[in-house]
Chemist: 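Below: one structure in structure tokens.
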Amino acid sequence: MRWSSALIPTLKETPADAVAPSHVLLLRAGMIHQLGAGAYTYLPLGLRVLKKAEAIIRQEMDAAGALELLMPALQPIELWRESGRFETFGDLLMKLRISGGHHMALGPTHEEVVTDVVRDLVNSYKQLPITLYQIQTKFRDEPRPRFGILRTREFLMKDAYSFDADVDQLGASYDAMYEAYHRIFDRCGLPYVVVEAESGPIGGDASHEFMVPCDTGEDRVARCDSCGYAANQEKAEVGDAPAAARAAELPPYKAERTPGQKTIKDVCAFLKVDEKTSGKLMVYLADGKHVAALLRGDHEANEAKIRRAFGAEVLAPADPDSIPKATGAPVGFLGPIDIKIPMIVDKAVLAMETIVVGGNEVDVHLTGVVPGRDFKIDRVADLRNADAGDPCPRCGQAMEIKAGLEIGHVFKLGTKYSKAMGATFLDDKGVEIPLIMGCYGIGVNRIVAAAVEAGHDENGIVWPLNLAPYQVVVIPLTVKPGPVMETAEGLADRLREAGHDVILDDRDQRPGFKFKDADLIGFPLRIVVGERGLKEGKIELKWRSESEPKTVSTATGVEAVLAELRTAERKLREACQANRARREAAGKP
RNA sequence: CGGGGCGUGGCGCAGCCUGGUAGCGCGCCUGCUUUGGGAGCAGGAGGCCGUGGGUUCGAAUCCCACCGCCCCGACCA
């Protein structure tokens with residue numbers, strides 16, 4: 001490619017609306033162009049990166065035995081009613097009406113469609129196991145698109161779905177995808193961690209997320225450095241903290257007037273006590289019944305944990321209007337003493353000597369309440385989100401919380417969709433059994449964003465070799481016909497013939513201008529051909545990730561550059577293999 | 001959906017408070033000079049001032065409504 005005939009609109013200044021590094025740099029490097037909130041054009045350079053990620057994904061999915069197909073984005077709404085997700089997906093589902101009055105949806109994910117395909121075409125255990133995948137545009141009516149291409153209303157996703165005859169087969173299918181994901185992200189050169197994840201409304205019982213640590217990430221990951229435990233914050237378990245050593249004789253609790261003070265913040269400020277010594281009673285509807293969770297005031301309730309603690313299928317915050325009737329106490333002044341609904345106490349409360357709680361009476365809070373003495377603690381569970389410093393559930397050491405960007409997610413679905421939609425097969429005894437499913441997603445655009453988030457410096461992007469729009473940029477310092485231009489063109493041709501992506505910066509610009517653009521875009525390898533160097537029989541070669549250039553002789557130039565590229569590719573392969581060996585040594589997830 | 005901010009050539013901004021010929025830098029076009037880290041000089045093109053309504057002799061500027069974009073929160077298979 002000759003730069004002069006490319007469309008690469010680099011920007012010297014930072015666009016005002018961009019905040020996240022990946023957003024700023026992809027715009028400045030001329031890779032994307034905004035159409036509207038959460039809708040971006042991939043310009044030629046950006047598209048090349050996207051396609052490279054896509055190619056790596058496709059290769060590894062094929063290698064893992066998954067079969068590629070392509071399903072429609074346009075889907076009848078009935079399918080969503082059939083699975084029950086028309087309700088649970090809610091406003092996130094893009095709905096439209098087409099001619100003839102048909103109600104359709106633009107697919108945000110494809111469990112329904114793939115289940116429909118499989119229920120029609122797979123009927124026997126002999127056809128199992130099978131994993132199907134596609135790389136396709138998804139649509140979600142995100143309430144708040146953000147950070148450039150990080151969260152958009154339309155995005156490219158690789159989604160795979162496994163269908164198995166039994167749980168063991170599902171385990172094998174899951175492991176195959178899990179391993180393929182490692183290979184994909186290793187080849188993309190991304191720094192990532194795998195964390196245990198909440199499977200969420202999609203259901204199921206096992207789930208892992210692949211996260212790239214970066215400040216722009218919207219997820220929070222709890223991690224223990226001592227033992228390596230890592231989980232999404234919403235999934236992370238909290239280890240046991242030492243129980244409070246209570247003085248033998250504590251004074252009885254006191255009722256305090258707290259007129260109008262309803263929130264933890266207000267009450268604690270009013271009573272001049274630390275929020276860490278307060279408690280909050282949260283009321284939920286567990287499968288339609290009112291239940292309560294008692295947490296330390298400054299802690300964050302985790303609805304999934306609370307749902308499980310109550311053994312409920314569905315948990316939702318109770319409607320405030322319904323609370324007084326159910327509990328006999330006014331909202332804002334709820335407390336654990338003599339509460340009339342089932343209550344589970346969070347572990348952390350056990351570590352509190354005394355606690356400030358609501359008095360179950362308007363404008364009254366109680367101080368000096370002793371857990372276990374003043375109210376019954378018959379059920380204790382982990383009900384909250386882990387915080388930095390909380391004990392690791394495995395080893396008890398303090399965990400840390402870091403931001404992460406989710407690029408991939410694998411989970412075991414079970415029979416949620418196959419049962420709802422009647423996707424069954426006949427086993428070797430002729431018995432009809434619902435298929436067991438797993439699903440596996442990769443945000444292709446997010447690989448691009450994550451690579452930039454994880455790979456940039458003050459001068460611009462530093463692309464991993466396998467994702468770069470072009471691996472090599474050849475810069476002739478003068479573009480007038482002559483030896484410099486001829487050498488540069490020859491070099492570019494030879495590298496291209498050897499199978500590398502090359503762009504020749506044939507623009508009639510000063511050297512500094514071209515260097516700035518090359519650094520901004522982040523081509524991994526830069527080759528400079530100048531008159532001065534040529535006279536000395538030398539050309540310059542510089543890796544974007546290194547600070548110092550190397551010089552090679554003109555005579556062996558092509559071979560030297562090819563050797564450099566081969567070495568870089570070998571190193572990357574070796575790193576992938578080393579990671580693989582480490583995984584094998586560590587055993588299954 | 002709640003809170004905050006912003007809409008003025010392709011990009012970054014000033015002008016608005018106090019109404020009266022729309023301005024600067026970058027980029028773009030032409031020419032000359034320059035050529036190893038975003039060159040200099042000269043000339044030039046390009047703007048329904050987000051949209052609609054109102055006030056006024058007169059609106060980028062004041063008022064009202066709407067639309068759009070960004071950030072925080074809620075939400076996020």
Side-chain angles (χ1 to χ4, degrees), chain A residues 7 9-20 23-24 27-28 30 33-40 80 83-85 88-93 105 107-112 138-148 150-153 155 157 159 161 197-204 207 209 216-220 232 234 300 303 317 405-406 408-411 413 416-417 437-443 446 458-460 475-480 484 505 507-521 526 528-534 538-540 542 547 549 551:
Chain A
L7 177 61
T10 56
L11 299 170
K12 202 184 281 188
E13 284 170 295
T14 299
D17 281 344
V19 177
H23 190 196
V24 170
L27 283 170
R28 285 196 55 209
H33 183 256
Q34 184 174 30
L35 179 63
Y40 286 83
W80 287 81
S83 70
R85 280 210 294 184
T88 54
F89 237 94
D91 292 337
L92 212 56
L93 187 66
T109 172
H110 278 65
E111 282 82 4
E112 281 79 0
K138 301 287 187 251
F139 298 86
R140 291 183 192 184
D141 195 354
E142 290 289 348
R144 182 140 114 76
R146 247 192 287 217
F147 303 142
L150 227 97
R151 179 168 292 279
T152 52
R153 294 204 166 108
F155 57 96
M157 177 161 142
D159 47 327
Y161 306 90
E198 199 58 67
S199 47
I202 201 158
S207 169
E209 286 170 340
T216 309
E218 297 178 296
D219 286 279
R220 296 290 170 268
N232 194 308
E234 58 190 32
E300 207 173 319
E303 291 188 11
L405 171 56
E406 182 187 345
H409 198 162
V410 292
F411 43 93
L413 281 173
K416 177 180 158 109
Y417 297 94
M437 295 173 60
C439 70
Y440 318 91
I442 291 180
R446 281 194 174 176
E458 63 282 359
N459 293 317
I475 303 182
L477 292 184
T478 170
V479 298
K480 289 192 296 278
V484 170
D505 192 351
R507 296 174 300 172
D508 188 10
Q509 290 286 357
R510 296 160 63 92
F513 184 93
K514 295 186 180 184
F515 294 157
K516 285 286 184 188
D517 263 357
D519 284 349
L520 176 60
I521 295 168
R526 185 186 81 184
V528 178
V529 182
E531 213 160 340
R532 208 174 61 201
L534 222 49
K538 285 173 179 168
I539 56 174
E540 180 193 286
K542 183 182 172 299
S547 55
T551 54

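Every heavy atom of this structure was used, including side-chain atoms; hydrogens, water molecules and symmetry mates were not. In what follows, every chain begins at residue 1, and chains take the letters A, B, ... in the order their sequences are listed.
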Chemist: Pick base, sugar-phosphate or nothing for Asp517(A), based on heavy-atom distances below 4.0 Å to the nucleic acid.
Modeler: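 Answer is base: heavy atoms of Asp517(A) come under 4.0 Å of a base.
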Chemist: So Gly533(A), base contact, sugar-phosphate only, or nothing? Heavy-atom distance under 4.0 Å.
Modeler: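 If one applies the 4.0 Å heavy-atom cut-off, Gly533(A) turns out to touch nothing in the nucleic acid.
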Chemist: List in chain and number order the residues that pass side-chain hydrogen bond (donor to acceptor under 3.5 Å, both in side chains) with Glu209(A), two or more places apart in sequence or in another chain; answer none if no residue qualifies.
Modeler: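 Here the qualifying residues are Asn232(A).
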Chemist: Arg28(A) versus Val24(A): any side-chain heavy-atom pair under 4.5 Å?
Modeler: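 In short, these two side chains touch, coming nearer than 4.5 Å.
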Chemist: Check this for me: does the side-chain of Glu540(A) come within 3.5 Å of the base of rG36(B) through a donor and an acceptor?
Modeler: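 Answer yes: a donor N or O sits under 3.5 Å from an acceptor.
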Chemist: Which is it for Asp505(A) and Phe513(A) under the side chain to side chain contact (heavy atoms under 4.5 Å, CB included) test, yes or no, and what are the steps along the way?
Modeler: CA-CA 11 Å; Asp505(A) 192 351; Phe513(A) 184 93; over 6 Å; no
Chemist: Using both distances under 3.5 Å as the test, list the Watson-Crick or G-U wobble partner of rC32(B), or none.
Modeler: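 Answer to the pairing question: rG40(B), which forms a Watson-Crick or G-U pair with rC32(B).
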Chemist: To the nearest 0.5 Å, tell me how far Leu150(A) CG sits from Phe155(A) CZ.
Modeler: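 Here the interatomic distance stands at 11.5 Å.
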Chemist: Would you mind pulling out the nucleotide paired to rA59(B), Watson-Crick or G-U wobble, both distances under 3.5 Å?
Modeler: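 Paired with rA59(B), as far as the under-3.5 Å criterion goes, is no nucleotide at all.
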Chemist: On the nucleotide rG37(B), are OP1 or OP2 found under 4.0 Å from the side-chain N or O atoms that Gln509(A) carries?
Modeler: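 For rG37(B), neither OP1 nor OP2 has a side-chain N or O of Gln509(A) closer than 4.0 Å.
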Chemist: Reckon Phe139(A) touches a base, only the sugar-phosphate, or nothing at all at heavy-atom distances under 4.0 Å?
Modeler: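 Answer is nothing: Phe139(A) stays at 4.0 Å or more from every strand.
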Chemist: The criterion is side-chain hydrogen bond (donor to acceptor under 3.5 Å, both in side chains); which residues satisfy it with Glu303(A), sequence neighbours excluded?
Modeler: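 With neighbours one apart ignored, the set is empty.
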Chemist: Taking rC17(B) as the reference, what is the distance to rG38(B) when you measure between their C1' atoms (whole Å, please)?
Modeler: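 Those two atoms are separated by 37 Å.
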Chemist: Please identify each residue that fulfils side-chain hydrogen bond (donor to acceptor under 3.5 Å, both in side chains) with Lys138(A), with sequence neighbours left out.
Modeler: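 Once residues adjacent in sequence are excluded, the partners of Lys138(A) under the side-chain hydrogen bond (donor to acceptor under 3.5 Å, both in side chains) criterion are His110(A), Gln136(A), Asp159(A).
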Chemist: Tell me, please, which residues at least two apart from Glu540(A) pass side-chain hydrogen bond (donor to acceptor under 3.5 Å, both in side chains).
Modeler: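 Glu540(A) satisfies side-chain hydrogen bond (donor to acceptor under 3.5 Å, both in side chains) with Arg526(A) once adjacent residues are dropped.
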Chemist: Answer yes or no: are there more than 12 heavy-atom neighbours, outside Lys538(A) itself, under 6.0 Å from its atom NZ?
Modeler: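 No - once you tally the heavy atoms of other residues, nucleotides and ligands closer than 6.0 Å, there are 12 at most.
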Chemist: Hey, does Arg28(A) reach any base, or is it just sugar-phosphate, or nothing, if we go heavy atoms under 4.0 Å?
Modeler: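 Here Arg28(A) touches the bases of the nucleic acid.
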Chemist: With nearest nucleotide decided by heavy atoms, which residue, Val19(A) or Glu300(A), maps closer to the 5′ end of RNA chain B?
Modeler: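 Upstream on the strand: Val19(A).
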Chemist: Using both distances under 3.5 Å as the test, list the Watson-Crick or G-U wobble partner of rG23(B), or none.
Modeler: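 Matched rG23(B) with rC13(B) under the 3.5 Å cut-off.
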Chemist: Applying a 3.5 Å limit to both distances, which nucleotide forms a Watson-Crick or G-U wobble pair with rC6(B)?
Modeler: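 Looking at the geometry, rC6(B) pairs with rG68(B).
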Chemist: Need to verify one output field. Residue with the more 5' nearest nucleotide on RNA chain B, Arg446(A) or Pro511(A)?
Modeler: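 First, find each residue's nearest nucleotide; the 5'-ward one identifies Pro511(A).
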Chemist: Any donor-acceptor pair, under 3.5 Å, between the side chain of Arg146(A) and the base of rC70(B), if you only look at N and O atoms?
Modeler: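 Absent.
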Chemist: How is Tyr440(A) classified with respect to the nucleic acid when contacts are heavy atoms under 4.0 Å: base, sugar-phosphate, or nothing?
Modeler: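 If one applies the 4.0 Å heavy-atom cut-off, Tyr440(A) turns out to touch nothing in the nucleic acid.
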Chemist: If you round to the nearest 0.5 Å, how far is NZ of Lys516(A) from CG of Asp519(A)?
Modeler: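 Reported to 0.5 Å precision, the distance equals 7.0 Å.
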Chemist: In Watson-Crick or G-U wobble terms, both distances under 3.5 Å, what is the partner of rC48(B)?
Modeler: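 Per the H-bond distance test, none.
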Chemist: How long is the line joining CG of Asp508(A) and P of rC28(B), in whole Å?
Modeler: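 These atoms are roughly 12 Å apart.
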Chemist: So which nucleotide from rC71(B), rC70(B), rG36(B) ends up closest to the side chain of Phe147(A)?
Modeler: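 Side chain of Phe147(A) sits closest to rC71(B).
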Chemist: From the set rU34(B), rC76(B), rC69(B), return the single nucleotide nearest to any side-chain atom of Arg510(A).
Modeler: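 Among the listed nucleotides, the one closest to the side chain of Arg510(A) is rU34(B).
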Chemist: Heavy atoms under 4.0 Å is the rule here; annotate nucleotides 1-13 of chain B 5' to 3' with B where the base is hit, S where only the sugar-phosphate is, and - elsewhere.
Modeler: ----------BSS
Chemist: The side chain of Lys12(A) lies closest to which of these nucleotides: rG36(B), rG27(B), rC69(B)?
Modeler: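 Nucleotide nearest to Lys12(A)'s side chain: rG27(B).
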Chemist: Any protein N or O atoms within reach of nucleotides 29-33 of chain B? Criterion: under 3.5 Å, listing atom names and distances.
Modeler:
none

Chemist: Atom CG of residue position Asp91(A) - does it have more than 12 heavy atoms of other residues, nucleotides or ligands inside 6.0 Å?
Modeler: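 No - once you tally the heavy atoms of other residues, nucleotides and ligands closer than 6.0 Å, there are 12 at most.
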